[in-house]
Amino acid sequence: MNKWKIYAIFMSLMTFGALKETFRILTSNAPDIANNRMSILPFAICMSVIFMVLSIRFWRKSSNVM
């Protein structure tokens, strides 16, 4: 297993965590989240997308390296 595959697996785990947190922000009725939802949501979505893109990029890079 090369370093790029390890990075890809790590970023995949980060993606799952970010998606879980984004879903929690979307569905939570907690007062601290509900009042600030519109300011927190763009950041949560951006972080999820960044982790997903990095995960895909590292996975592709690991399959090209031999």
Side-chain angles (χ1 to χ4, degrees):
M1 186 178 304
N2 58 20
K3 68 177 180 179
W4 300 113
K5 196 166 281 194
I6 293 170
Y7 292 158
I9 292 169
F10 178 71
M11 284 297 148
S12 297
L13 293 174
M14 295 292 287
T15 301
F16 288 129
L19 289 174
K20 182 179 174 184
E21 187 65 23
T22 302
F23 184 72
R24 187 178 77 87
I25 289 169
L26 283 170
T27 59
S28 179
N29 288 331
D32 59 335
I33 293 175
N35 293 337
N36 298 319
R37 184 171 288 140
M38 287 300 124
S39 62
I40 299 173
L41 195 57
F43 180 73
I45 291 172
C46 286
M47 291 306 292
S48 298
V49 169
I50 289 170
F51 288 148
M52 191 180 311
V53 167
L54 286 174
S55 175
I56 293 168
R57 183 175 179 193
F58 288 148
W59 191 262
R60 286 186 181 167
K61 202 167 199 173
S62 74
S63 62
N64 290 340
V65 174
M66 288 290 162

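Position 1 is the first residue of the sequence, and the numbers go up from there.
Atom OH of residue Tyr7 and atom CH2 of residue Trp4 lie 6.5 Å apart, to the nearest 0.5 angstrom. Atoms CE and CD1, on Met11 and Ile6 in that order, are 13.0 Å from each other to the nearest 0.5 Å.
Listed by first and then second residue, the salt bridge (Lys or Arg N to Asp or Glu O under 4.0 Å) pairs involving residues 9-22 are Glu21-Arg24 (not counting sequence neighbours).
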Side-chain donor/acceptor pairs under 3.5 Å, residues 38-46, sequence neighbours excluded:
{"from": "Ser39", "atom 1": "OG", "to": "Asn36", "atom 2": "O", "distance (Å)": "2.9"}

Dump the intermediate steps for side-chain contact (heavy atoms from CB on, under 4.5 Å) on Trp59 and Lys5, then the final yes or no. CA-CA 6 Å; Trp59 191 262; Lys5 196 166 281 194; 3.5 Å; yes

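Remark: side-chain polar atoms of Ser28 are not paired, donor with acceptor, to backbone N or O of Ile25 under 3.5 angstrom. At least one donor-acceptor pair under 3.5 Å links the side chain of Thr15 to the backbone N or O of Phe51.
Qualifying side chain to side chain donor-acceptor pair (under 3.5 Å) partners for Thr22, counting only residues two or more places apart in sequence or in other chains: Ser48.
Note: the hydrophobic cluster containing Phe58 does not contain Val53 (ILVMFWY, side chain heavy atoms under 4.5 Å, direct or indirect links). Hydrophobic clustering of Ile, Leu, Val, Met, Phe, Trp and Tyr side chains at less than 4.5 Å, counting indirect connections, unites Phe10 with Ile50.
Summarising the local packing, CZ of Arg57 is surrounded by 12 or fewer heavy atoms from other residues, nucleotides or ligands at distances under 6.0 Å.
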